[in-house]
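In what follows, a single structure is set out as structure tokens and then discussed.
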Number of protein chains: 2
Amino acid sequence: MKKAPTLEDVAREAGVSTASVSRYLNMPDLVRPLRKEKIEAAIAALGYVPHGAARALASQRTHTIGAVIPTFDNAIFARGVQSFQRRLHADSFTLLLASFDYDLEDEVRQVDALLTRGVDALLLVGCMHSPKIYERLDKKGLPYVHTWAFDRSGAKPCVGFDNRLAARRAASYLIDIGHSAVAMIAGITGGNDRASERAAGVREALEERGLALLPEYYIEKPYDVSEGRSAMRQLLAQDVPPTAVICGNDVLALGALLECQARGVSVPRDISITGFDDLPLTSHLQPSLTTLHVPAGEMGRRAAEYLLARLGDVPMPDSTELEVGLIVRGTTAPPGRQK
Amino acid sequence: MKKAPTLEDVAREAGVSTASVSRYLNMPDLVRPLRKEKIEAAIAALGYVPHGAARALASQRTHTIGAVIPTFDNAIFARGVQSFQRRLHADSFTLLLASFDYDLEDEVRQVDALLTRGVDALLLVGCMHSPKIYERLDKKGLPYVHTWAFDRSGAKPCVGFDNRLAARRAASYLIDIGHSAVAMIAGITGGNDRASERAAGVREALEERGLALLPEYYIEKPYDVSEGRSAMRQLLAQDVPPTAVICGNDVLALGALLECQARGVSVPRDISITGFDDLPLTSHLQPSLTTLHVPAGEMGRRAAEYLLARLGDVPMPDSTELEVGLIVRGTTAPPGRQK
DNA sequence: CTGTTAGCGCCTTCAA
DNA sequence: TTGAAGGCGCTAACAG
């Protein structure tokens, strides 16, 4: 393992001071063209690559932004993160990604790890986090942003959407087309404000219309197709099955739909199903899935822009609410079509 | 932004030397229990968090490992990366993730970025990369590993599987059960050795059995459900449609299956379909998808163990080949069942 | 086991 | 515009 060339080596090779090379690297405009060329030549000749840690130590800036997400294993996070990273990269920032498997205590550890790595800013998923996280962040005065949720109080910087409102939209739609026996297959709500807000939204919407979300019509399941299936099986086995099922995400909805098909229950004739996320796959299903479109890509991009702006002291509103539109497709229809 | 407490502050607070605090942090066993407690108290009192860049600069080790993947937006990479990260984390290493959107030139840039960040080791996807990458890596003597592929020459460190062999397995199976009109919907093979090896495997297997992969039976498509659909549409429109279609991945296979269903083509009665990856979803489809099981989780874990071993100077073979098993499910059957 | 001390590679005043 | 020089926070000999 040969020793890598340092900035000092470059300076010597180019016959200039280290300060000039440093300037060339960071503020090229302050260096005269002639010197510039010499430095460029030296860098190329030596194959010099800047040493990030040294740079970070000296400048107290890492040009790195962290994101702490529940899991990589979820298409919808993947999409958002992908565009978050793309946007950061455009400003030559690097993304440091960590996941915590929905374990809120582990999330604290992951945040600590990222702070140790010296991230300049942080993206968080959801608005519900251990107070310890805010403590650490605020203590360092580190910019951060919440995503995949929206805090109406305005107390927290958010680039996201209102999960409750979106879920209400799905529920209202079903009620509007005539459903009253509405069930919900929710994601696990413990420690997950996206999931719990969605559940709350459905409950609210029903109650406002004089309906109720019956206990036997409410099931929580982990994010997995087979869990969606088993939940639907449970619902179908009841004396009076629901005529519509709102799912907390598309994966559960897909499971629910597949279960119906496996049992010869016709969708949407016998039962309506809605999802949440609008995964690319859902529009191709037969019937195609009625769902809520989450603008994950835009959210990732905007979250990046918010953090970049904060780091650059560019003014920018602390909250950006994005729309979650209901995409009505083939899995929903008025009830009572049973002959 | 208050100045964060440093190791020196901790030392002062605890009434010991900075060296002791450093030792406590890195080799706790070398510190006497009494001092240990004092130091722990001081750390807690001050809310001290180590400064990663300083540590990296002084120790020439970042405890960070990079992974450069084609895209986040693919469930199968997500799974592998998730377990890679989990394993790294168990040894308190951090994962630095970058993606390059299947642009081989961008991959070079991403590798450079990671090198600047000072990763201690690197995970690469596939065995086909710009020579520049190997140049940089070898120059620094940085440990790296190839995944999602397997190099029989043994020249490259790999933890992966033989894509060609796996694809052959699927083709052979179809021939064995009587198919001779076999088509393939491959992923884009340009700059992607996983996709091209799979295509090559299918071609080989057919030719060995005296069959051929007809040009009109070979279609390349991007990773997307709708692309799989359009490819299948194209295949179905031919004068003599194939009786079996091998897909380069499950997403294309899913699209192919959905297209058949949308057009009333019965699977597997009229046509057989196979996938590649074994996404969780595929076993729930109706019919369930015959596919090749890629052990992404195990691969990620083992790749991490390989790199960790190299960093710790623990001996470990440079190549680990994993099995890709054919999972025969409902989308395949002998041909000619058409009445 | 513990303290002293010299860097790690770069940035950033400060003067010139 | 440029160069000189003092750290940034921590680790790793080395001496004790």
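Contact annotation: R35(B) reaches the phosphate of dG3(C) (side-chain N/O to OP1 or OP2, under 4.0 Å). Listed pair R55(B) / dT11(D) meets the phosphate criterion, a side-chain N or O lying under 4.0 Å from OP1 or OP2. Side-chain nitrogen and oxygen atoms of R23(B) include none within less than 4.0 Å of the OP1 or OP2 phosphate oxygen of dT11(D). Regarding contacts with the backbone of dC11(C), a side-chain N or O of S22(A) is found under 4.0 angstrom from either OP1 or OP2. An OP1 or OP2 oxygen of dG3(D) is reached within less than 4.0 angstrom by a side-chain nitrogen or oxygen of S17(A). The side chain of Q60(B) places an N or O atom within less than 4.0 Å of a non-bridging phosphate oxygen (OP1 or OP2) of dG9(C).
For E40(A), the CD atom counts as densely surrounded, since its 6.0 Å shell holds more than 12 non-hydrogen atoms of other residues, nucleotides or ligands.
Backbone-only contact: V31(A) has heavy atoms under 4.0 Å from sugar-phosphate atoms and none from a base.
Taking atom OH of Y24(B) as the reference point, atom P of dT2(C) lies 13 Å away to the nearest angstrom. Between the CZ atom of R117(B) and the C1' atom of dG9(C) there is a distance of 15 Å, given to the nearest Å. If you take CD1 of I39(B) and C1' of dT2(C), they are 10 Å apart, rounded to a whole angstrom. Rounded to whole angstrom, the span from the CZ atom of R61(A) across to the P atom of dC11(C) amounts to 13 Å.
Between R301(B) and E305(B) there is a salt bridge, since at least one side-chain N of the basic residue sits less than 4.0 Å from a carboxylate O of the acidic one. Between R152(A) and E321(A) there is a salt bridge, since at least one side-chain N of the basic residue sits less than 4.0 Å from a carboxylate O of the acidic one.
A donor-acceptor pair under 3.5 Å is absent between the side-chain atoms of S92(B) and the main chain of H89(B), judged by distance alone.
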